[in-house]
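All remarks here apply to the structure that follows.
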Number of protein chains: 2
Amino acid sequence: MPQDRAPTRIQKRNRAAILEAALNVFSANGFRGATVDQIAAEAGLSKPNLLYYFPSKEAMHEALLAELLDTWLDPLRALDDSGEPLEELLAYVHRKLEMSRDYPRESRLFANEIVQGAPRIHQALSEDLKALVDDKVALLRAWMDAGRIAPVHPYHLIFSIWSLTQHYADFDVQVRAVLGDEDPFDGADLFLDTLYRRLLSPRPD
Amino acid sequence: MPQDRAPTRIQKRNRAAILEAALNVFSANGFRGATVDQIAAEAGLSKPNLLYYFPSKEAMHEALLAELLDTWLDPLRALDDSGEPLEELLAYVHRKLEMSRDYPRESRLFANEIVQGAPRIHQALSEDLKALVDDKVALLRAWMDAGRIAPVHPYHLIFSIWSLTQHYADFDVQVRAVLGDEDPFDGADLFLDTLYRRLLSPRPD
DNA sequence: TTCTGATTTGACCAACTGGTCAAACTCACG
DNA sequence: CGTGAGTTTGACCAGTTGGTCAAATCAGAA
């Protein structure tokens, strides 16, 4: 296996090619459904060569998940008190929907993992993820208490954003089967904007 | 294999046991991740005995999906013009959420299939499902045109209901990891009620 | 009880899968 | 050009998996 010195040019290229191929295959077939041969073919390398760069199929999967979880939550991390609360939240929704459009493979990789009980990232969920959400929930509560957005259950508000946006990546086939030719994301963008404006606009009371 | 006369007592019992076990295993591991041995063990039968009742692993999966798709859409079929539109829709949301709580395995079986591109039910989606949704969308449009609910993109409205309710079954681990001890469904029920009331309440204009 | 079709199973198989390994090849640098 | 580290691969292996089959066992109608 490659030494842990600075990676050579070849190492960089091949690692990237393998991860790219692995993302394709894992996201489309799940961990168990993916085969190393398939990933090797997709990456244009031989099977033993894959296992020269990653010690096991499991290791490729882990590498993908580790990288994913980090970047996947960036939009939520970016949510802060810098602007108007409602616009801030709408921007978050918008960014999440963009990720579903531009990185559907990542979304499906994540969905596959969670649907099957998150055997490999359960700890990260109840530690890192929970901590981040708790933090942002505090911000939401502050906004609600100050009357700057309408009060709703803050945790379920966040779940709803995840659910509604990721749905367009994870259930893409279903959405397209029903919509026909219409572009799902154009309609979704407007619909979600409307939905969260009506849900969260400060209301007299 | 069993003849196609009227099923015997034993045939009924064993077929049911097999499908029950298959639902457990398929929904938890996906099609590729499930093994016939696993299903056999769960059903308390030997592997060759399973294959006496179903010609293949594929056939068990098909039997489950066929039954599922039919019952899964019952709540939507029940949506009609008999009551107040908003309450009718809220009842639909409520029923769907109940299904996520009471039949999470079915929801996950479906999710697994769709996330991986619906290779086995693509046709049913773009024919039966699309037809049903088109039909209900006409009803929604009529309600909107009559000013009885607020206007929104009707297809995305239906997607949102599927997404928000099924999320609590499919992403159960994630939801619980974040919520801790709090019961997800209690909060979800109230949250979704609020969300759709605010989204759909007829508004002056 | 007997007999026939229904049910069950142990033994088996071929294909597939993740992973190993020694040998061969390539590259960059002195 | 020589050389040693870095890279690649064909051949191989053991475990798993979906599925087969002939033989054994069982249920129930006559």
Side-chain angles (χ1 to χ4, degrees), chain A residues 1-65 112-113 116 119-120, chain B residues 1-65 112-113 116 119-120:
Chain A
M1 57 204 93
Q3 312 301 320
D4 44 3
R5 313 181 185 178
T8 66
R9 180 178 47 89
I10 295 178
Q11 268 173 42
K12 257 190 220 170
R13 171 172 45 86
N14 285 352
R15 275 186 172 270
I18 292 169
L19 287 177
E20 170 72 14
L23 178 58
N24 278 333
V25 177
F26 282 134
S27 68
N29 304 95
F31 179 77
R32 191 64 158 46
T35 76
V36 179
D37 281 299
Q38 222 179 330
I39 301 174
E42 189 110 3
L45 298 172
S46 69
K47 180 167 65 163
N49 205 3
L50 285 218
L51 296 164
Y52 169 71
Y53 288 100
F54 291 88
S56 68
K57 175 184 169 184
E58 179 84 38
M60 302 175 208
H61 196 246
E62 262 172 31
L64 281 176
L65 278 182
N112 263 308
E113 177 69 10
Q116 304 197 357
R120 301 156 218 281
Chain B
M1 57 205 92
Q3 312 302 320
D4 43 3
R5 310 178 187 181
T8 67
R9 181 177 47 87
I10 294 178
Q11 268 171 43
K12 257 190 221 168
R13 171 171 45 85
N14 284 352
R15 275 186 172 270
I18 291 170
L19 286 177
E20 170 73 13
L23 178 57
N24 277 334
V25 178
F26 282 133
S27 69
N29 304 96
F31 179 76
R32 191 61 158 49
T35 75
V36 178
D37 280 299
Q38 220 179 331
I39 300 174
E42 189 110 1
L45 298 172
S46 68
K47 180 168 64 163
N49 206 2
L50 285 217
L51 296 164
Y52 170 71
Y53 289 101
F54 291 88
S56 68
K57 175 184 168 183
E58 179 85 38
M60 302 176 206
H61 195 247
E62 262 172 30
L64 282 175
L65 279 182
N112 263 308
E113 177 68 9
Q116 304 196 358
R120 301 155 219 280

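Each chain gets a letter, A, B and so on, in the order the sequences are listed, and its residues count up from 1. Here the structure is a predicted model, which is why all the values come from computation and not from measurement.
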| At their closest point, which heavy atom of B:Y53 faces which heavy atom of B:N14, and how far apart are they? | OH-ND2, 3.1 Å
| What string of B, S and - do you get for nucleotides 17-30 of chain D 5' to 3' if you count protein non-hydrogen atoms under 4.0 Å? | SBBBB-----SS--
| said: Measure CD/B:Q38 against P/D:dG15 and give the value in whole Å, please. | reply: 20 Å
| task | Please list, chain by chain and in numerical order, all residues satisfying side-chain contact (heavy atoms from CB on, under 4.5 Å) with A:A59, sequence neighbours excluded. | result | A:F54, A:P55, A:S56
| With sequence neighbours excluded, residues passing side-chain contact (heavy atoms from CB on, under 4.5 Å) with A:A21 | A:I39, A:E42, A:A43
| said: Strictly below 4.0 Å: does B:Q11 bring a side-chain N or O up to OP1 or OP2 of C:dA6? | reply: no
| Partners passing side-chain contact (heavy atoms from CB on, under 4.5 Å) against B:E20 (at least two apart in sequence or in another chain) | B:N24, B:R105
| said: Holding to side-chain contact (heavy atoms from CB on, under 4.5 Å), I want the full list of residues that pass it with A:R120, two or more places apart in sequence or in another chain. | reply: A:F31, A:E58, A:H61, A:L65, A:E113
| task | Find the distance A:L45:CG to D:dT7:C1' and express it as a whole number of Å. | result | 11 Å
| message | Measure OH/B:Y52 against C1'/C:dG10 and give the value in whole Å, please. | response | 18 Å
| note | Considering only heavy side-chain atoms of A:N14, the closest of D:dG6, D:dT8, C:dA6 is D:dT8
| said: Nearest whole Å is fine: how far is D:dG6 P from A:R13 CZ? | reply: 16 Å
| task | Let me know the distance between CD1 of A:I18 and P of C:dG18, rounded to the nearest Å. | result | 15 Å
| field | Under-4.0 Å side-chain N/O to phosphate OP1/OP2 contact, B:N49 with C:dT9 | value | yes
| said: According to salt bridge (Lys or Arg N to Asp or Glu O under 4.0 Å), who are the partners of B:K47, at least two apart in sequence or on a separate chain? | reply: B:D37
